[in-house]
Amino acid sequence: MTSQRKHLVKDFNHFITCYVCKGYLIKPTTVTECLHTFCKSCIVQHFDDSNDCPKCGIQVHETNPLEMLRLDNTLEEIIFKLVPGLREKEQQHEVQFWRSRKSKENGEDGCRSKRSRLDDDGDVGDGDYHRSDPQIAICLDCLRNNSLVGENIVRGLMKKFIRCSTRVTVGTIKKFLSLKLKLPSSYELDVLCNGEIMGKDHTMEFIYMTRWRLRGENAYPMVLEYRPRIDFG
């Protein structure tokens, strides 16, 4: 009777490790253009600097490669079953990360304690970053006018397409822009939709339903423009 050969985890390493970090795939995310898979955080960070696949070099998307990513939950479950203790280890790392981040934010002054950021999905948000909320794609365009004071420090974003929760407010978008553009804390921006200045408490869902949807179903993503604050006083 022929005994079956026992496979070791290393026999599958070629299929379950990330080309970028060389570690086991964490939240495996596949590029739909070439079907190469990477850790979610690795590929999202890579797309901050390049639109090409890090493995084969193909251009994933001309402007917004994050649109071409898909999570592979099935592969994630397979990896967790193949590698003993990996799931628990990653859960522990995640808990430690959020604890350290919370401690850091509590040590900062009030105006910085809830700074917006792009999370691992490239989403903008506060607190829990609204990961389970309905999402909306947004294009952030710089509204250029050479007559405006401060125009020289308000510039276009290298990556102007983002995906965020529909509950995100204009105020959070302003914080995100200030961080990405490295603006002084006292610097104010206006955010506009269809040429109309939006209030800081307006959510993306409200703006889409009351301002942007009127353009028709094909007007996607929603475009928000920003510029230096104009003082009409």
Side-chain angles (χ1 to χ4, degrees), residues 25-33 35-51 53 60-77 90 94 97-98 101 114-142 156-181 189 191-194 196 198-226:
L25 289 164
I26 302 301
K27 294 186 178 179
T29 301
T30 300
V31 180
T32 57
E33 279 295 292
L35 300 182
H36 290 133
T37 303
F38 310 90
C39 295
K40 185 178 179 181
S41 59
C42 289
I43 191 62
V44 169
Q45 186 174 359
H46 172 80
F47 282 157
D48 280 342
D49 303 314
S50 172
N51 290 345
C53 171
V60 176
H61 193 278
E62 186 175 348
T63 56
N64 189 21
L66 294 176
E67 291 282 349
M68 312 304 292
L69 298 179
R70 295 294 181 272
L71 278 172
D72 192 334
N73 295 321
T74 301
L75 179 57
E76 181 179 47
E77 286 303 314
E90 287 306 313
E94 186 172 357
F97 170 80
W98 289 114
R101 181 172 180 82
K114 289 188 177 180
R115 292 183 303 177
S116 63
R117 63 182 285 277
L118 283 177
D119 74 359
D120 290 341
D121 294 328
D123 298 346
V124 177
D126 286 322
D128 64 359
Y129 308 116
H130 308 297
R131 286 184 175 84
S132 60
D133 289 352
Q135 304 289 297
I136 185 171
I138 297 173
C139 174
L140 295 174
D141 262 345
C142 181
L157 296 169
M158 184 176 72
K159 301 287 186 181
K160 63 181 182 178
F161 294 94
I162 65 171
R163 182 180 293 276
C164 66
S165 163
T166 55
R167 292 173 56 193
V168 164
T169 65
V170 170
T172 299
I173 294 294
K174 289 182 180 182
K175 291 178 184 178
F176 169 69
L177 289 169
S178 294
L179 287 172
K180 297 297 285 187
L181 300 175
L189 292 171
V191 172
L192 304 88
C193 182
N194 292 341
E196 179 183 353
M198 297 291 99
K200 66 182 181 67
D201 294 324
H202 287 171
T203 65
M204 298 301 102
E205 180 180 26
F206 175 81
I207 295 173
Y208 177 80
M209 297 298 291
T210 62
R211 305 297 193 280
W212 188 254
R213 192 176 64 166
L214 301 178
R215 286 173 169 258
E217 294 182 357
N218 294 327
Y220 196 76
M222 183 168 72
V223 177
L224 297 181
E225 297 174 312
Y226 60 92

Among all residues two or more places apart in sequence or in another chain, which pass the salt bridge (charged side-chain N to carboxylate O under 4.0 Å, His left out) test with [X]?
{"X": "E62", "result": "none"}
{"X": "K159", "result": "none"}
{"X": "E90", "result": "none"}

Verdict with supporting geometry, F38 and C53, side chain to side chain contact (heavy atoms under 4.5 Å, CB included): CA-CA 10 Å; F38 310 90; C53 171; 3.7 Å; yes
Do you know the tightest heavy-atom contact between [X] and [Y]?
{"X": "P221", "Y": "I138", "value": "CB-N, 4.1 Å"}
{"X": "M222", "Y": "I207", "value": "SD-CG2, 3.9 Å"}
{"X": "K200", "Y": "T169", "value": "O-CB, 3.5 Å"}
{"X": "L157", "Y": "Y226", "value": "N-OH, 3.4 Å"}

Is a salt bridge present between R167 and E205, judged by a nitrogen-to-oxygen distance below 4.0 Å?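 Looking at E205 together with R167, the answer is no, because their closest N to O distance does not fall below 4.0 Å.
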With sequence neighbours excluded, residues passing side chain to side chain donor-acceptor pair (under 3.5 Å) with T203: none
With sequence neighbours excluded, tell me which residues meet side chain to side chain donor-acceptor pair (under 3.5 Å) with T37.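 Once residues adjacent in sequence are excluded, the partners of T37 under the side chain to side chain donor-acceptor pair (under 3.5 Å) criterion are T30.
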Partners passing side-chain contact (heavy atoms from CB on, under 4.5 Å) against H46 (at least two apart in sequence or in another chain): I43, S50, P54
Within a strict 4.5 Å, meaning less than it, do heavy atoms of the V60 and F47 side chains meet? yes
Does atom CD (E77) have a neighbourhood of more than 12 heavy atoms from anything else shown, all under 6.0 Å?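 Yes, CD of E77 has more than 12 neighbouring heavy atoms, counting only those of other groups under 6.0 Å.
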Between CG on residue L140 and CZ on residue F161, distance to nearest 0.5 Å: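 It comes to 9.5 Å.
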Can you tell me how far CD1 of I162 sits from CD of Q135, rounded to the nearest 0.5 angstrom?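 Separation between the atoms: 10.5 Å.
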Restricting to pairs with a member in residues 65-76, which pass salt bridge (Lys or Arg N to Asp or Glu O under 4.0 Å), not counting sequence neighbours?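 Pairs touching residues 65-76 that pass the test: E67-R163.
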Does [Y] offer a backbone N or O that forms a donor-acceptor pair with the side chain of [X] under 3.5 Å?
{"X": "S41", "Y": "C39", "answer": "no"}
{"X": "T166", "Y": "I136", "answer": "no"}
{"X": "T210", "Y": "F206", "answer": "yes"}
{"X": "K174", "Y": "L189", "answer": "yes"}

One pair to check against side chain to side chain contact (heavy atoms under 4.5 Å, CB included): L224 and L192. What are the steps and the verdict? CA-CA 6 Å; L224 297 181; L192 304 88; over 6 Å; no
For M204 and V170, run side chain to side chain contact (heavy atoms under 4.5 Å, CB included): C-alpha distance rounded to whole Å, both residues' side-chain angles, the deciding distance at 0.1 Å, then the answer. CA-CA 7 Å; M204 298 301 102; V170 170; 4.0 Å; yes
